Number of protein chains: 2
Amino acid sequence: MGSLPRKIEIREANQALILEAAEKIFAMNGFKGATTGAIAREAGLPKANVHYYFKTKLDLYREVLRYILSDWMSAASTFEAHDDPAEALRTYVTAKMAFSRKRPYGSRVWAREIMSGAPVLEEFLGTTLKAWVKERTGIIRCWIRAGKIKAVDPQALLYMIWATTQHYADFERQIIILNSGNELSESRYRQRTRQVVDLVLGSVGLTSQVR
Amino acid sequence: MGSLPRKIEIREANQALILEAAEKIFAMNGFKGATTGAIAREAGLPKANVHYYFKTKLDLYREVLRYILSDWMSAASTFEAHDDPAEALRTYVTAKMAFSRKRPYGSRVWAREIMSGAPVLEEFLGTTLKAWVKERTGIIRCWIRAGKIKAVDPQALLYMIWATTQHYADFERQIIILNSGNELSESRYRQRTRQVVDLVLGSVGLTSQVR
DNA sequence: TGGTATCTTGACCCAACGGTCAACATACGC
DNA sequence: GCGTATGTTGACCGTTGGGTCAAGATACCA
């Protein structure tokens, strides 16, 4: 199948397998609570094999976070795709909701890392994310000065968007239980995404055009 | 000092000491990641003493959750304190923000429990909380029918309020790092509380009277 | 086909874990 | 003061944890 040497194929396939298993186990139990044995079991490999591809548990954890970060940043980049605040916010919130749906484990690993004091993500938060926030709050301030949206605190708005969208990943279990044990269907989730968009737009004084 | 027998005094004081320490350690590392040794160290007691007051780690964990729940429910009860939606929402959001400020560890233990699949809280969520949500969404639907607020999805609104207010406890570390390493001062936090209230009111079409 | 680099794995090591226990200390009713 | 119930603690136990290793299997190049 693949044209590249089989050895490399195997290596990448196994690494991906382990990373995916690790993301799930770390999401479930956090860094300290996760065991390399559980990760190996989840991946269907012997423990020693996990340690062959990733020297230590911390190395593996760092790799998982790096993997999540790349997806997070690509959702983040949708923010400035539009000039119009309504369109920009709608696109961003929709992208974040999609991320929560597609990678709930990733979101939970992130949340647990922060709750543990962000020992690994500290540097990223203090540099890349901080710069991102500064830029984005600048854009929001522009919108306010231009009278395009209500005068809200940009950071409070950003945090509300993060919190609300990530809630659907991090608290998925709670949402399911409150929904009588049923997962939100694909169509219900799309509907909910629209409702969240409407709430966010409403919070800055923009009424959704559809209604 | 105390008029009640010293033995009981000692017992309650030690239990409270251990519970507080446990809440912090569980918040930091989750159930599996936390160790009874770490809890004992945090409480300034030998490990065996912790096991004297709480038979197993799971017992202690359950007790910590029960302790948190009582505070959570008292914040929840502020919801129906007012007839006017603006006043009710303001009061509720303010109470939840105060809870996040006062008991950040409790909020994080809750979050971690849910992310682990809610093995212990499952029953509470499926009964008490579910009933609470049903009642509250009913109230919100009333407001909508009466034309007092915009027609938003009640559950989506509730989840947004939970997510946003709990974000200030669960992601405290991230917020601090994004704030150049400084905690939000008491006055900044009060200001932020008002900003969050404004966003929530805005999302349902109510403009804060103050502005 | 033979040699080398990479992959696979059961067995193993030691530290740390949750939990127990027996010996001792303290408080309190009598 | 004396006996008993409660509180305190270092030492200990069996298990599980992260990580290692050496011996074998597999893929690749010449």
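Throughout, a chain's letter reflects where its sequence line sits, starting with A, and its residues are numbered from 1. Model, not experiment: these values are computed from the prediction. Atoms considered below: every heavy atom in the structure, side chains included; atoms not considered: hydrogens, waters and symmetry mates.
- Of all the heavy atoms in B:Met73 and B:Thr128, the pair that sits closest is CE-CG2, 3.7 Å.
- Note that A:Arg62 lies outside the cation-pi zone of A:Tyr67, set by a 6.0 Å cut-off to the ring centre and a 45° limit from the axis.
- Counting to the nearest Å, the P atom of C:dA16 and the NZ atom of A:Lys32 are 11 Å from each other.
- Residue-to-nucleotide proximity on DNA chain C shows that, of A:Pro46 and B:Thr36, the 5′-proximal contact is made by A:Pro46.
- Rounded to an integer number of Å, the gap from A:Ile39 CD1 to D:dG17 P is 12 Å.
- Within residues 16-29 of chain A, no residue has any heavy atom under 4.0 Å from DNA chain D.
- Side-chain atoms of B:Ala48 lie closest to D:dG10 of the nucleotides D:dG7, D:dG10, D:dG18.
- At the heavy-atom level, B:Ala34 lies under 4.0 Å from the strands shown only through sugar-phosphate atoms.
- Between the NZ atom of B:Lys32 and the CG atom of A:Asn29 there is a distance of 4.5 Å, given to the nearest 0.5 Å.
- In this structure, of C:dC21, C:dG18, C:dG10, it is C:dG18 that holds the atom nearest to the side chain of B:Lys57.
- Rounded to whole angstrom, the span from the CG atom of A:Asn49 across to the P atom of D:dG19 amounts to 15 Å.
- Atoms CZ (A:Arg41) and C1' (D:dT16) sit 11 Å apart, rounded to a whole Å.
- In this structure, of C:dT8, C:dG10, D:dT9, it is C:dT8 that holds the atom nearest to the side chain of A:Tyr52.
- Across the protein-nucleic acid pair, A:Lys55 atom NZ and C:dC7 atom C1' stand 16 Å apart, rounded to whole Å.
- The distance from atom NE2 of B:His51 to atom C1' of D:dT8 is 15 Å, rounded to the nearest whole Å.
- The side chain of A:Lys47 lies closest to D:dG19 when the candidates are D:dG19, C:dG19, D:dG7.
- Applying the 4.0 Å criterion to OP1 and OP2 of C:dC7, one finds that A:Arg11 has a side-chain N or O inside that range.
- Listed candidates were C:dC7, D:dG7, C:dG18. Nearest to the side chain of B:Thr35 is C:dG18.
- B:Phe171 CZ to A:Trp162 CH2: the interatomic distance, rounded to the nearest 0.5 Å, is 10.0 Å.
- Rounded to the nearest 0.5 angstrom, B:Leu178 CG and B:Ile175 CD1 are separated by 8.0 Å.
- Taking only side-chain nitrogens and oxygens, A:Asn14 comes nearer than 4.0 Å to OP1 or OP2 of C:dT8.
- Taking a cutoff of 4.0 Å between a charged side-chain nitrogen and a carboxylate oxygen, A:Glu23 and A:Arg108 do not qualify as a salt bridge.
- Atom CZ of A:Phe54 is separated from atom P of D:dG19 by 13 Å (rounded to the nearest Å).
- We find that A:Glu183 and A:Arg188 are not joined by a salt bridge, their nearest charged nitrogen and carboxylate oxygen being 4.0 Å or further apart.
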